[in-house]
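Read the structure below first, then the notes.
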Amino acid sequence: MLSNLKELRLHDNLLTFAPSSLRKIKTLSELNLNNNPNLMHKGENGTALGKKELRKYFKNSIQLNKPILTETKTEKDVLEFMDEFSSRINHKQFASNTLPEIIVDKIFSHQEMCDTLNQIITQLNLHNTNEPGYVCYEIISNDDETYDEQEISNAEKIHLSLIPRLLKYINTLYGLIAQDDVEILQMYPEQIPDTQKSLTFNLQSILNEEDLDIKALQFTTLAGGLLHCATGQSEGNNSVNYAAQGQYYTNDFKYNLKRFLAAKKNEYFTITILQKGFNNNQNVHLISKYRDALKPILGLSTAITSFYERIGPNQQQDVFYGNKWNVLQTFYDLVTPDLMINWVFEAAETQEDQRDYNKQFKRDVPKEEKEEYLQNVKKKIKKNKMLRPFITGEICAYLINEKLMIGKKNWEKYFTENPCKIGNHATLTREGAKAILIHEAFIIEDQEDDEMIIDDNIINENYNNN
């Protein structure tokens, strides 16, 4: 009867449900049900609201505890919490979507590995910090050697110190170095075949990468890992592998979408560990430890499949209390439906990208300037494609094939303009990205009428009539 009630605080109780008549109060801006440990997950009999219905009807107005990290004991706890929301990730579909196993035509020999590394070094910018593709020695080196008091350039540091150490790593990988050096590099013998395969794939990817900044970033990530402990070597390979696979695109939007999401999932699993233990010097070990533990549950990928995390004395710095389900909870706190929608929306072609594409057909460029003009335009188009790989035309073809757009109609749900009309600069909307993820079953969203909730007064009227 309290039709103007704005705040209702029922926290710190032992409620098992809330009455469905609460929905009649349209003015509620705060419904606090924190610390009601017996509150049921889902309501019963149409007269009781559980956590799922409460979240659905009251959305941002409701306060319900998230599971406390130290209290999260099982996978069920985490998944039940996810299921309380009307819009949620379909964890089964999400886990089944994985990156394909890396394929190489032939694993490099020792000489081919060294030659490819040297080729990459010649392509990188070691001199000018203001030019693309710059690689900084201090970021990669990860050692105690210092050149602070010497007048020595960044390029000299890389040639005098970094490259010999990387070549020593490759020598060790192929069994061509003294035993005492093998121990210094902490390489695990059983993972050598996988590492040779992964390193072949990664060096080929870096060599073939045309964007100098991406080339420098991937080289820095890989080299920094190779000069680390055995865990860092594995993680360095994994990181470059995810990046390289995530940038591989075809003309099939559906295939591209799944590969893109699989790469993002692996990338954000690493971010999950880093954001929780931002000042923990054992993070690289925690990433490997929990990736292995949650690989089947989240569908994660590893470039070095034979890797097994060795837990050392400092491994006690585990911010997840040794419980992999705490990691799963933290991952899904970060990777939400909204974040996935943003991934797809931000990877879609923009109006500016489309205008850049059309510039290559511009006819009013002076003949003597045309060649240079076209080179610059094509470079810009390639960069656009790399940053925003989901092209409007390919999305449009997908929607028509999937019968989501019927006869070039129904475009308003997905695009800013009619994508089939010549001259339009149609781009994907955020609602369109959401609809695609729901269609592909990565996100589940309950329909408003999928559960009938009966009010108390209806129950009472039926009872009296009977």
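Because the structure is predicted, anything quoted here is derived from the model rather than measured.
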* Lys52 vs Glu84, salt bridge (Lys or Arg N to Asp or Glu O under 4.0 Å): CA-CA, chis, key distance, verdict -> CA-CA 4 Å; Lys52 183 171 183 178; Glu84 291 173 16; over 6 Å; no
Assess whether atom [atom1] of [X] is packed by more than 12 heavy atoms of other residues, nucleotides or ligands within 6.0 Å.
| X | atom1 | answer |
| --- | --- | --- |
| Lys383 | NZ | no |
| Tyr357 | OH | no |
| Ile103 | CD1 | no |
| Lys215 | NZ | yes |
| Glu210 | CD | no |
| Lys409 | NZ | no |

* To do: Over all heavy atoms of both residues, which pair between Asn36 and Leu10 is shortest? Give the atoms and the distance, please.
  => ND2-O, 2.9 Å
* Asked: Between Trp343 and Tyr268, does the ring centroid distance fall short of 6.0 Å?
  -> yes
* Does the ring centre of Phe390 sit less than 6.0 Å away from the ring centre of Phe260? -> yes
* Begin with the C-alpha distance, continue with both residues' side-chain angles, and end with the deciding distance and a verdict on salt bridge (Lys or Arg N to Asp or Glu O under 4.0 Å) for Lys254 and Glu402. => CA-CA 10 Å; Lys254 188 170 185 173; Glu402 295 289 315; 3.6 Å; yes
* To do: Apply side-chain hydrogen bond (donor to acceptor under 3.5 Å, both in side chains) to the pair Gln233 and Thr195, showing each step before the final yes or no.
  => CA-CA 9 Å; Gln233 294 159 16; Thr195 305; over 6 Å; no
Between the side chains of [X] and [Y], is a donor N or O closer than 3.5 angstrom to an acceptor N or O?
| X | Y | value |
| --- | --- | --- |
| Gln191 | Ser234 | no |
| Thr74 | Asp77 | yes |
| Lys295 | Thr302 | yes |

* Derivation of the salt bridge (Lys or Arg N to Asp or Glu O under 4.0 Å) call for Glu30 and Arg9 -> CA-CA 8 Å; Glu30 179 189 325; Arg9 300 192 179 114; 3.0 Å; yes
Review item, side-chain donor-acceptor pairs of residues 418-425, under 3.5 Å, at least two apart:
from   : atom 1 : to     : atom 2 : distance (Å)
Asn418 : OD1    : Cys420 : N      : 3.0
Asn424 : ND2    : Asn418 : O      : 3.0
His425 : ND1    : Gln354 : OE1    : 3.2

* To do: May I ask you to decide if the ring planes of Phe94 and Phe442 are parallel, tilted or perpendicular, using 30° and 60° as cut-offs?
  => perpendicular
Are the side chains of [X] and [Y] in touch, meaning some heavy atoms are under 4.5 Å apart?
| X | Y | result |
| --- | --- | --- |
| Asn410 | Leu404 | no |
| Thr350 | Arg388 | yes |
| Ile436 | Leu428 | yes |
| Phe415 | Ile395 | yes |
| Leu49 | Arg23 | yes |
| Asp318 | Gln282 | no |
| Leu222 | Asn237 | yes |

* Do Arg430 and Phe345 meet the cation-pi criteria used here (NZ or CZ under 6.0 Å from the six-membered ring centre, within 45° of the axis)? -> no
* Tell me whether the guanidinium CZ or amine NZ of Lys56 lies under 6.0 angstrom from the six-membered ring centre of Phe85 and within 45° of its axis. => no
* **Full working for salt bridge (Lys or Arg N to Asp or Glu O under 4.0 Å) between Arg88 and Asp446** => CA-CA 9 Å; Arg88 58 199 183 276; Asp446 293 338; 3.3 Å; yes
* Asked: Checking side-chain contact (heavy atoms from CB on, under 4.5 Å) for the pair Leu437/Ile341: CA distance, chi angles, key distance, verdict?
  -> CA-CA 7 Å; Leu437 286 169; Ile341 293 164; 3.9 Å; yes
* Structure fact -> When rounded to the nearest 0.5 Å, the distance separating CD of Glu209 from CD1 of Ile214 is 4.5 Å
